[in-house]
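What's counted below: heavy atoms across the whole structure, side chains too, no hydrogens, waters or symmetry copies. Quick note on labels: first sequence line is chain A, next is B, and so on, each numbered from 1.
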Amino acid sequence: MALPLSYYQNEDVVFLARDLLGKILVTNIGGIITRAIIAETEAYAGEVDKASHAYGGRRTNRTEVMYKSGGVTYVYLCYGMHNMLNIVTGPAGIPHAVLIRGIILEDGVGAARKRTGKNLKKGQLIEGPGNTTKTLGITREHNGLSLNGHELWLEDGGFTAHPVNILASKRIGIDYAGKDALLPYRFRLK
DNA sequence: GCCTGGATCCAT
DNA sequence: TGGATCCAGGCC
């Protein structure tokens, strides 16, 4: 069962970034199902967060999807080669997003091996947002998809991470964000 | 229209 | 530590 869209409309993006740990992320790419547990996330707090693409209310073709009502994907290209998957959260007009930075591969190992060229195993931790999308078969073609659809969705039924099993730290690769670079918005399962 | 650099990854 | 690779966003 996919999580209801109402789940994503919580205004507290930092809460959601933590809560998404342990949830199951499922892709159906051309009929091939891949399932993985979310193991690492980062919160991007919309207009007030210097690290966010929507900082200062920036509204462009790329960021437009961030302003939608929570429960859609935001996928963009980074460094000319890596697709980055975000979950848009919050009510319409509030451009919050959660970056998925790491997963634990559960099902669809064969497809994941083919996509990555690596000898991946069930239960293996996949680190890094670029590696995450590559493993799951996500590209920019999956930008703006509803998480209520048939290609990409989340399920409960992984587990709910206990606070003592969550590591909070500052975010990666956003040194340009000044003070905001120090915010403890990165969450990992221990 | 041009230029800069990036929410990365991997080999060196 | 640097190269891959390309486009968004800022500035002219």
Side-chain angles (χ1 to χ4, degrees), chain A residues 8 12-21 23 25 27 34 36 38-68 70-90 94-105 111-121 124-145 147 152 154 166-189:
Chain A
Y8 304 99
D12 187 345
V13 65
V14 178
F15 167 84
L16 278 178
R18 292 180 67 109
D19 199 67
L20 282 167
L21 294 176
K23 297 282 189 291
L25 175 56
T27 59
T34 310
I38 296 175
E40 179 175 339
T41 62
E42 279 177 2
Y44 285 84
E47 305 181 325
V48 299
D49 179 356
K50 239 179 173 167
S52 167
H53 292 161
Y55 174 65
R58 189 164 51 209
R59 215 163 168 147
T60 64
N61 280 343
R62 185 172 69 152
T63 63
E64 193 57 34
V65 70
M66 299 179 77
Y67 289 84
K68 293 196 178 202
V72 298
T73 58
Y74 169 41
V75 184
Y76 71 94
L77 185 70
C78 192
Y79 294 101
M81 52 181 61
H82 302 294
N83 292 291
M84 312 283 268
L85 170 65
N86 292 254
I87 307 297
V88 172
T89 71
I94 309 287
H96 288 331
V98 176
L99 172 67
I100 308 299
R101 288 192 57 90
I103 53 172
I104 298 167
L105 182 59
R113 281 181 184 160
K114 202 166 180 180
R115 292 175 187 135
T116 60
K118 294 177 187 169
N119 186 25
L120 301 174
K121 296 181 173 59
Q124 182 170 343
L125 175 65
I126 312 289
E127 296 184 272
N131 290 328
T132 292
T133 54
K134 197 169 183 185
T135 300
L136 294 172
I138 296 167
T139 70
R140 273 173 302 160
E141 291 176 21
H142 306 286
N143 184 42
L145 286 182
L147 296 177
L152 190 52
L154 270 64
I166 296 175
L167 206 58
S169 57
K170 65 179 188 172
R171 294 171 292 180
I172 300 295
I174 52 149
D175 289 345
Y176 57 83
K179 259 192 341 194
D180 289 346
L182 302 176
L183 293 168
Y185 282 4
R186 178 188 182 203
F187 302 104
R188 280 174 287 171
L189 292 175

Trainee: Please state how far atom CD in E127(A) lies from atom P in dA7(B), giving the value in whole angstrom units.
Mentor: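 Taking CD of E127(A) and P of dA7(B), I get 20 Å after rounding.
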Trainee: Please determine if a side-chain N or O atom of R186(A) lies less than 4.0 Å away from the OP1 or OP2 oxygen of dA7(B).
Mentor: no
Trainee: With the side chain of L77(A) defined as its heavy atoms from C-beta on, choose the nearest nucleotide among dC7(C), dA7(B), dG9(C).
Mentor: dC7(C)
Trainee: Indicate whether Y79(A) forms a stack on dA4(C); treat it as stacked only if centroid distance is below 5.5 angstrom and interplanar angle below 30 degrees.
Mentor: no
Trainee: Using every non-hydrogen atom in the two residues, find where H142(A) and L145(A) come nearest and quote the distance to one decimal.
Mentor: O-CG, 3.5 Å
Trainee: Of the candidate nucleotides dT8(B), dC7(C), dG10(C), which contains the atom at the shortest distance from the side chain of R140(A)?
Mentor: dC7(C)
Trainee: T116(A) near the nucleic acid: base, sugar-phosphate alone, or nothing, with a heavy-atom cut-off under 4.0 Å?
Mentor: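 The answer is nothing, as T116(A) stays clear of every strand by at least 4.0 Å.
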Trainee: Evaluate whether atom OH of Y185(A) has more than 12 neighbouring non-hydrogen atoms of other residues, nucleotides or ligands under 6.0 angstrom away.
Mentor: no
Trainee: My understanding is that a pair needs two contacts under 3.5 Å, Watson-Crick or G-U wobble. By that rule, which nucleotide pairs with dG1(B)?
Mentor: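 When the pairing criteria are applied, dC11(C) turns out to be the nucleotide that pairs with dG1(B).
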Trainee: Mind listing the closest non-hydrogen atom pair of M66(A) and A97(A) along with its distance?
Mentor: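 Smallest interatomic distance, heavy atoms only, reads CE-CB, 4.0 Å.
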Trainee: Between Y55(A) (OH) and dA8(C) (C1'), how many Å, whole number?
Mentor: 19 Å
Trainee: Side chain of D180(A), backbone of K50(A): donor and acceptor closer than 3.5 Å?
Mentor: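 Side chain of D180(A) to backbone of K50(A): a pair is present.
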Trainee: Which whole-number value in Å describes the distance from R115(A) CZ to dC9(B) P?
Mentor: 17 Å
Trainee: In whole angstrom, give the distance that lies between atom CE of M81(A) and atom P of dA4(C).
Mentor: 9 Å
Trainee: Which nucleotide in the set dA8(C), dT8(B), dC10(B) lies at the smallest distance from any side-chain heavy atom of R62(A)?
Mentor: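 From the listed options, dA8(C) comes nearest.
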Trainee: Of H82(A) and H53(A), whose nearest nucleotide on DNA chain C comes first from the 5' end?
Mentor: H82(A)
Trainee: Can you identify which nucleotide, out of dA7(B), dG9(C), dT8(B), has its nearest atom closest to the L99(A) side chain?
Mentor: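 Side chain of L99(A) sits closest to dA7(B).
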Trainee: Please report the distance, rounded to the nearest Å, between CG in N131(A) and P in dA11(B).
Mentor: 11 Å
Trainee: Let's see if you can work this out: which of dC9(B), dG9(C), dA7(B) has an atom nearest to the side-chain heavy atoms of I174(A)?
Mentor: dA7(B)
Trainee: Between dG5(B) and dG2(C), how far is it from one C1' atom to the other, in whole Å?
Mentor: 15 Å
Trainee: Using whole Å, what does the distance between atom P of nucleotide dG6(B) and atom CG of D175(A) come to?
Mentor: 9 Å
Trainee: Given atom CE of M66(A) and atom P of dA7(B), what is their separation to the nearest angstrom?
Mentor: 11 Å
Trainee: Check Y176(A) against A51(A) and note the closest heavy-atom contact, atom names and distance.
Mentor: OH-O, 3.5 Å
Trainee: Counting only Watson-Crick or G-U wobble pairs whose two distances fall under 3.5 Å, which nucleotide matches dA7(B)?
Mentor: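 Matched dA7(B) with nothing under the 3.5 Å cut-off.
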Trainee: How close do I38(A) and L20(A) get, counting heavy atoms only, and between which atoms?
Mentor: CB-O, 3.4 Å
Trainee: If you look at every strand shown and take non-hydrogen atoms under 4.0 Å, does K134(A) touch a base, only sugar-phosphate, or nothing?
Mentor: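 Nothing, no nucleic acid heavy atom in range.
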Trainee: Just the rounded figure in Å: distance from C1' of dG5(B) to OH of Y76(A).
Mentor: 13 Å
Trainee: Verify the contact: side-chain N or O of T60(A) to OP1 or OP2 of dG9(C), cut-off strictly under 4.0 Å; return yes or no.
Mentor: yes
